[in-house]
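Have a look at the structure below, then the notes.
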Amino acid sequence: MPSPEKTSAHQDPPVVRPTWRDEVAAAGSELIGGPSGRWARLGSSPFSPVRVVALVTIGMFALGMVQKLPCYNWAWFRGTSSQYTHACYSDIPHLFLGRGFADGLIPYFDRLGGDMEYLEYPVLTGLFMQVAAWVMAPFDGDVQSREQMYWMVNAGMLMACAAVLAVCVARTHRNRPWDALLVALAPALALTATINWDLLAVALTAAAMLMWSRGRALAFGILLGLATAAKFYPFLLLGPLLLLCWRAWKWREFGLALLGTAGSWLVVNLPVMLLAPEGWKKFYSFSSERSIDFGSFWLILTQRTGEGIEVGAVNTYAILLMLLACAGIAVLTFTAPRRPRFAQLAFLVVAAFILTNKVYSPQYVLWLIPLAALARPRWRDFLIWQACEVMYFLGIWMYLAYTTSGNKQGLPTEGYQFAIALHLAGTLFVCAMIVRDILLPERDAVRRDGEDDPSGGVLDGSQDVFVLGQAAHPPEHAAHAVQGPRVEWGVVRE
């Protein structure tokens, strides 16, 4: 019998057709002619799965831009409540003025007026914002037209990030490129893509996971470090990777990933740290000093009880809850019958951070969309979760309309709390499904099609060397390692 490594590395299973595996995908395909037939030649068309996914992503992104038209045309510039009632708010045009880009100020180096002394974003995101300002610098016009142009330039750059994201997800699982349609068609992606600059970090994280799936640990680390220089959350992926490499005894690869992450993060951050230390620290001080804000269960708690929680205390509680969740993920990793897949644990740890954090901005859903497509490629579950997120997206804007308009039109506090609860429940639902797949690998849609961990790189098909409660077995003794009950992977030939 061939070893798991050889089977995984040298024998690619046939491309999985979601319309043959997923009832919801099959039903949805009726809009375009129904499921693919037995004799369909998937490789004979110029429209390969990756190209189709990229085009659909761009199309959905464009629809999201159309949804912002009421704000682009007038609502951003006429009071506050109109942009909420039309659910088309974006930080981008407002921060063009509010963070000094309209005045030619350089982030981190030039002090801003008012309470916000410096730009409160990580360095790579600040550079992204500045590049957009440089691109539109030759454009001349009044303040409103310049804000519109700044949003449009950023939207174009973010559209490129969305395309990169979709392509990376489509290529991460070699035989499941169509799963990336979950990303491309995600309504929350279209609705939130141009609220802020999160897509930069999301695209870099997806590219990093693609590199890891190809066994390129150092490239993974470099890209993950760049993603962390754009947003904090990608750094969390090193935790699941540590646990999985521990169980498989892949310490060299984890060391390369850690080295690449630290190195690229320092390359981006060190110049600003040395030349503009006060501006560089603003992101971290702002994050720690920020009080309980929209979207978190902490907000429900304080609104229902009528008692506030000090910033220092909520920071401590949130960290403790996150550590408790990470401990649970670690126990799950080391006791599961088969080592969990990288995407599964990545989703769980990022979801834990979102659920315990003191703020949840609507665009944070972008962090989870590609991870959900890789961890749980089931259309029913994905759409249930997306429905919850769309309801939250509408809920926060209607709540802000209620609190900012004089006539109190919109969603009252109790309604907004229900929207938060929907968001929390939807995320917990996907987490529960992933945990079930980990405990019952035969229920995992990816493994049921003959794969082990296609996004796992060196972990794919490797032996379980360390299992909780059992002695660790170094690689040279891997043949005697304690193995949990494994699924017999049966490849379905199409």
Side-chain angles (χ1 to χ4, degrees), residues 64-159 161 191-201 230-231 272 276 278-287 289-291 293-294 359 361-364 366 396-397 400-401 403-405:
M65 293 178 67
V66 171
Q67 188 265 336
K68 298 292 187 292
L69 273 180
C71 278
Y72 180 86
N73 288 331
W74 60 277
W76 285 332
F77 318 106
R78 301 180 186 177
T80 56
S81 60
S82 295
Q83 59 190 331
Y84 301 140
T85 55
H86 288 84
C88 55
Y89 173 84
S90 173
D91 288 325
I92 294 172
H94 298 302
L95 295 189
F96 175 65
L97 288 178
R99 297 302 179 266
F101 294 102
D103 301 320
L105 300 183
I106 302 300
Y108 315 110
F109 291 86
D110 292 335
R111 185 184 294 268
L112 305 172
D115 296 334
M116 192 64 67
E117 297 179 339
Y118 295 97
L119 182 68
E120 73 279 22
Y121 285 84
V123 171
L124 198 59
T125 297
L127 177 61
F128 190 93
M129 299 161 75
Q130 182 61 66
V131 168
W134 285 334
V135 169
M136 62 147 296
F139 178 80
D140 193 17
D142 58 20
V143 173
Q144 176 175 328
S145 59
R146 294 175 68 206
E147 286 184 281
Q148 290 171 322
M149 180 57 65
Y150 186 67
W151 180 83
M152 189 64 71
V153 170
N154 274 281
M157 295 167 65
L158 291 170
M159 180 184 286
C161 292
L191 292 171
T192 66
T194 57
I195 291 179
N196 204 278
W197 292 271
D198 292 61
L199 265 179
L200 171 62
K231 205 78 178 179
V272 183
E278 293 300 319
W280 177 83
K281 289 190 298 185
K282 184 61 183 178
F283 164 70
Y284 302 96
S285 62
F286 175 78
S287 299
E289 295 167 2
R290 189 174 188 177
S291 58
D293 213 331
F294 298 112
V359 60
S361 298
Q363 72 273 10
Y364 289 2
L366 296 171
I396 187 173
W397 305 131
L400 286 170
T403 57
T404 58
S405 61

Between CE on residue M65 and CG on residue L158, distance to nearest 0.5 Å: 9.5 Å
Taking all heavy atoms of R99 and all of L112, pick out the closest pair and write down the distance. O-CD2, 3.3 Å
Of all the heavy-atom pairs spanning A193 and L199, show the shortest one and how long it is. CB-CD1, 3.7 Å
Go through the steps for F128 and N154 under the test side chain to side chain contact (heavy atoms under 4.5 Å, CB included), then give the verdict. CA-CA 9 Å; F128 190 93; N154 274 281; 3.8 Å; yes
Can you tell if the side chain of T192 reaches within under 4.5 Å of the side chain of L366, non-hydrogen atoms only? yes
Less than 4.5 Å apart, side chain to side chain, heavy atoms only: is that true for F96 and M136? yes
Which distance, rounded to the nearest 0.5 Å, do you find between the CD of Q363 and the CG of D91? 6.5 Å
Might you point out which heavy atoms bring E120 and K282 nearest each other, and give the distance in Å? CA-CG, 4.0 Å
Using the benzene-type ring in the case of Trp, are the ring centres of W151 and H94 under 6.0 Å apart? no
Are W397 and T85 packed together at the side-chain level, in the sense that at least one heavy-atom pair is separated by less than 4.5 angstrom? no
Nearest heavy-atom approach of S405 to A401 is OG-O, 2.6 Å
Run the ring pair (Phe, Tyr, Trp, His ring centres under 6.0 Å) check on W76 and H86 step by step: do they pass? CA-CA 10 Å; W76 285 332; H86 288 84; over 10 Å; no
Please state whether the rings of F101 and Y150 are parallel, tilted or perpendicular, taking 30° and 60° as the class boundaries. parallel
Is the shortest side-chain heavy-atom distance between F286 and M116 below 4.5 Å? yes
Any chance you could measure Y89, atom OH, to S82, atom OG, to the nearest 0.5 Å? 14.5 Å
Heavy-atom neighbours of D140 CG exceed 12 at 6.0 Å: no
Contact between L119 and F283 at the side-chain level, heavy atoms closer than 4.5 Å - yes or no? no
Separation between CD1 of I195 and SG of C88, rounded to the nearest 0.5 Å: 10.0 Å
Using modelled atom types and a 3.5 Å cut-off, is there a donor and acceptor pairing between side-chain atoms of Y108 and backbone atoms of P122? yes
P362 and I396 have their tightest heavy-atom pair at CG-CG2, 3.9 Å
Test your reading of the model: is there a side-chain donor-acceptor pair from R146 to the backbone of A102, 3.5 Å cut-off? yes
Over all atoms of both residues, closest heavy-atom pair of L124 and L200: O-CD2, 3.9 Å
I need the L400 CG to F294 CZ distance, nearest 0.5 Å. 4.5 Å
When you measure from the side chain of Q148 to the backbone of Y72, do you find a donor-acceptor pair of N or O atoms at a distance under 3.5 Å? yes
Distance from D198 atom CG to T125 atom OG1, nearest 0.5 Å? 7.5 Å
Do Y121 and N196 pair up side chain to side chain, a donor and an acceptor below 3.5 Å, judged on atom types alone? yes
